[in-house]
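Report on one structure; see the data block that follows.
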Amino acid sequence: MTRRTQRIEDYALIGDLQTAALVGRDGSIDWLCLPRFDSAACFAALLGDDDNGHWRIAPAGAGDCTRRAYLEDSLVLESVWETRTGTVRVLDFMPQRDTAPDLVRIVEGVSGTVEMNAALRLRFDYGRVVPWIRRAGDSRVAVAGPDSVWLRSEPPVKTWGQQMSTRSSFTVGEGERVAFVMTWHPSHESRPARIDPYEALEQSLADWREWAGRCLCQGPHREAVVRSLITLKALTYAPTGGIVAAPTTSLPEEIGGVRNWDYRYCWLRDSTLTLEALVAGGYTEEAAAWRDWLLRAVAGDPADLQIMYGLGGERRLPETELPWLKGYLDSSPVRIGNEAVTQLQLDVYGEVIDSLHLARTEGMAAKPHTWNVELSLLGFLEARWREPDEGLWEVRGPRRHFVHSKVMAWVAADRAVRALESDPQRRGDAERWRRMRDEVHREVCEKGFDPVRNTFTQSYGSRQLDAATLLIPRVGFLPGDDPRVIGTVDAVRAELGRDGFVRRYSIDDSTVDGLPGGEGAFLACSFWLADALRLTGREKEARELFERLLALRNDVGLLAEEYDPSSGRQLGNFPQAFSHIGLVATAMGLGGG
């Protein structure tokens, strides 16, 4: 049967803290990069079709599963099909690896008898390369270039090759189980050690439940907060502590549009908000690992600071297009790499300094060179903050004097002043940074504020608005009860609102970002609106918006980058760390999660 295209929100996430896969409601894994988040995909049907690689296990002739859920506080996905002849469930997970990555799929009969079919199409290099497949004892091994994958089942089931794919057919009765294990390794190395899939299941459940049990959140929204924190953990590259913005590339911000970007990297703009979420949840170890990744990534000349880095702090992320992939619902081009890495975004200096300040105030073990890094970044920013830049949203139009970038320059100076006031023995000139702080504040209020409309604008002299100005009270630039803050919140909600949610900025003027087409409501910005409403004294409205945002999560609690109110669909790369960070922060602000 022909598969329907899964909606973005039809997918669930599984992973092993080094990479991740997306599993559709129909039992098909349509996206998986091996061995890392940023490696080439071996399943790329998400951005093409089945011939670009997927692995489906489902009852014969069945469509989407009847229901699905994660097993308790874990990343083990259970999908259940209720058929005419019986009920079956499939457990999908990736155990935390020792060396090689394993993908495990366990089929279990619940009642009656169910005929199952499996179809595995391996396509290395983002769906482009068809591997050679051969038998090797009770397994099949696929090889092409640097990649090798081994597949076996326990117990063995009937398996054959058909139309450049590997097929299996078997029947499960009540209490019967069949486990499939797919293992990747470099093709020049010997076969990796085999794992016991059932022991791996129990260990994975124990690992995740122990981790989730450390969460400090016990409020009415604990389930949503824990699921978001598990998602952030799943997007963490364990060897370095870096957290990817999303495990996918090129899922569109507009169906059929060109705003399709690679998010499998680590953004500095997320740093403070990520640390806040992890610390609030009680995960100081993960927060410290992220802080340490940050320090390694930004080491060097402050002039060379980038807005994003690779999983290990890699700097070169060249952007290219993959013409053999048609894109999700024909949304092309499909891109790998991200050209925005070359942009000048002055806000990231403030975000890094704010992150290091937060780590210090939260009592994380200090690194001996941290303060020197901050002073170096401050010195650069002192000399450059008056320049235009590309801003928080990585616009590909001309540089402007973005208000948010200037506010974050204020944050950098403010945090330096606070650090010196709290420890007068610390090396530095507090008066110097006070002067900078006061000058930035004065200029922003004079040039970045529209007194006629009583709102801060996106950039100096512009009438366009920007949801990033909702962060002004959160970072302490002005208090929540300041009339200019209240006016900004009201203006952003009125002009950038879509069905109560918020876009990042107006795209009516294409010169702002240099791109055609539109995008959905940005979920992180919508959480920022809820935060701003609370900080301006409108907690009831904040709670109402938060509840509406929670309702946008898919059936397993995941959020993409954006949401289209007109179609009721999630848009953009999925799941999105920025959205889940916003959820945790808003929940905690409204009462501890």
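For the residue pair S28 and R3, a side-chain donor N or O sits within less than 3.5 Å of a side-chain acceptor on the partner. Side chains of H404 and Q345: no donor on one and acceptor on the other come within 3.5 Å.
Contact annotation: the side chain of R415 never approaches that of T272 to less than 4.5 Å [non-hydrogen atoms, C-beta and beyond]. Side-chain contact check for E562 versus R259: every heavy-atom pair is 4.5 Å or farther apart. Between L392 and R504, the closest side-chain pair of non-hydrogen atoms is not below 4.5 Å. Inter-residue side-chain proximity for D30 and L22 is flagged as unmet; no heavy-atom pair is nearer than 4.5 Å. Between M116 and V157, the closest side-chain pair of non-hydrogen atoms is not below 4.5 Å.
Sequence neighbours left out, the pairs with a member in residues 574-586 that pass side-chain hydrogen bond (donor to acceptor under 3.5 Å, both in side chains) are S228-H580, D531-T586. For residues 91-100, the pairs satisfying salt bridge (charged side-chain N to carboxylate O under 4.0 Å, His left out) are D16-R97, D92-R105, with sequence neighbours left out.
When atom types are taken as modelled, the side chain of S271 and the backbone of S355 share no donor-acceptor pair closer than 3.5 angstrom. Side-chain atoms of N554 do not come within 3.5 Å of backbone N or O of D10 as any donor-acceptor pair. Using a distance-only test at 3.5 Å, with no hydrogens or angles considered, no donor-acceptor pair links the side chain of R227 to the main chain of A224. Judged by distance alone, the side chain of Y283 and the main-chain N or O of C215 form a donor-acceptor pair under 3.5 Å. Remark: the backbone N or O of A468 is not paired with any side-chain donor or acceptor of W393 at under 3.5 angstrom. Side-chain atoms of Q570 do not come within 3.5 Å of backbone N or O of R7 as any donor-acceptor pair. Checking side-chain atoms of Q6 against main-chain N and O of R25 turns up a donor-acceptor pair under 3.5 Å. Put simply, the side chain of S139 never gets that close to the backbone of W150: no donor and acceptor are under 3.5 Å apart. A donor-acceptor pair is defined here as one N or O able to donate and one able to accept, closer than 3.5 Å; such a pair exists between the side chain of S250 and the backbone of R335. Checking side-chain atoms of Q306 against main-chain N and O of M308 turns up a donor-acceptor pair under 3.5 Å.
Between R269 and D347 there is no salt bridge, since none of the side-chain N atoms of the basic residue sits less than 4.0 Å from a carboxylate O of the acidic one. Ionic pairing of D138 and R194 is present here: one or more N-O contacts between side-chain nitrogen and carboxylate oxygen are shorter than 4.0 angstrom.
One finds the OH atom of Y328 at 7.5 Å from the CG atom of L251 (value rounded to the nearest 0.5 Å). For the atom pair CG of L571 and CD of E253, the computed distance is 8.5 Å after rounding to the nearest 0.5 Å. Of the inter-residue distances, the one linking L273 atom CG with R474 atom CZ reads 5.0 Å to the nearest 0.5 angstrom. In this structure, E9 CD and R569 CZ are separated by 6.0 Å, a value rounded to the nearest 0.5 Å. The structure places OG1 of T19 at 10.5 Å from CG of L235, a figure rounded to the nearest 0.5 Å. Separating the CG atom in N573 from the CD1 atom in I8 is a distance of 8.0 Å, to the nearest 0.5 Å.
In terms of the ring-ring contact (aromatic ring centres under 6.0 Å, His included) criterion, Y70 has no residue partners (sequence neighbours excluded). Qualifying side chain to side chain donor-acceptor pair (under 3.5 Å) partners for E544, counting only residues two or more places apart in sequence or in other chains: K540. In terms of the side-chain contact (heavy atoms from CB on, under 4.5 Å) criterion, residue partners of R209 (sequence neighbours excluded) are, by chain and number, L71, E72, L205. For Y265, the ring-ring contact (aromatic ring centres under 6.0 Å, His included) criterion is met by no residue, not counting sequence neighbours. In this structure, the ring-ring contact (aromatic ring centres under 6.0 Å, His included) partners of Y563, at least two apart in sequence or on a different chain, are F501. Legend: residues meeting ring-ring contact (aromatic ring centres under 6.0 Å, His included) with Y349, ordered by chain and number and at least two apart, are F380. Partners of R548 under the salt bridge (charged side-chain N to carboxylate O under 4.0 Å, His left out) rule, at least two apart in sequence or in another chain, are D499. Under the rule for a salt bridge (charged side-chain N to carboxylate O under 4.0 Å, His left out), E202 has no partner lying at least two apart in sequence or in another chain.
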Going through the distances and angles, do R264 and D38 end up as a salt bridge (charged side-chain N to carboxylate O under 4.0 Å, His left out)?
CA-CA 6 Å; R264 298 171 300 157; D38 57 353; over 6 Å; no
Dump the intermediate steps for salt bridge (charged side-chain N to carboxylate O under 4.0 Å, His left out) on E539 and R543, then the final yes or no.
CA-CA 6 Å; E539 185 163 320; R543 290 186 180 279; 3.0 Å; yes
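The shortest non-hydrogen separation linking V341 to I307 is CA-CG1, 4.3 Å. Taking all atoms of both residues into account, the shortest heavy-atom contact from C217 to M588 is SG-SD, 3.4 Å. Between T236 and F37, the shortest heavy-atom contact is O-CE1, 3.8 Å. A pairwise comparison of heavy atoms in L46 and T248 identifies CD2-CG2, 4.1 Å as the closest pair.
Below 30°, between 30° and 60°, or above 60°: for W55 and F43 the angle between ring planes is between 30° and 60°, a tilted geometry.
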Only distances under 3.5 Å count here; give the side-chain donor-acceptor pairs of residues 523-530 to other protein atoms, sequence neighbours excluded, each with its distance to 0.1 Å.
{"residue": "S526", "atom": "OG", "partner": "V502", "partner atom": "N", "Å": "3.0"}
{"residue": "S526", "atom": "OG", "partner": "F522", "partner atom": "O", "Å": "3.1"}

Side chains of residues 174-184: which donor-acceptor pairs under 3.5 Å do they make with residues two or more places apart or in other chains?
{"residue": "E176", "atom": "OE1", "partner": "G173", "partner atom": "N", "Å": "2.6"}
{"residue": "T183", "atom": "OG1", "partner": "D102", "partner atom": "OD1", "Å": "2.4"}
{"residue": "W184", "atom": "NE1", "partner": "D147", "partner atom": "OD1", "Å": "2.9"}

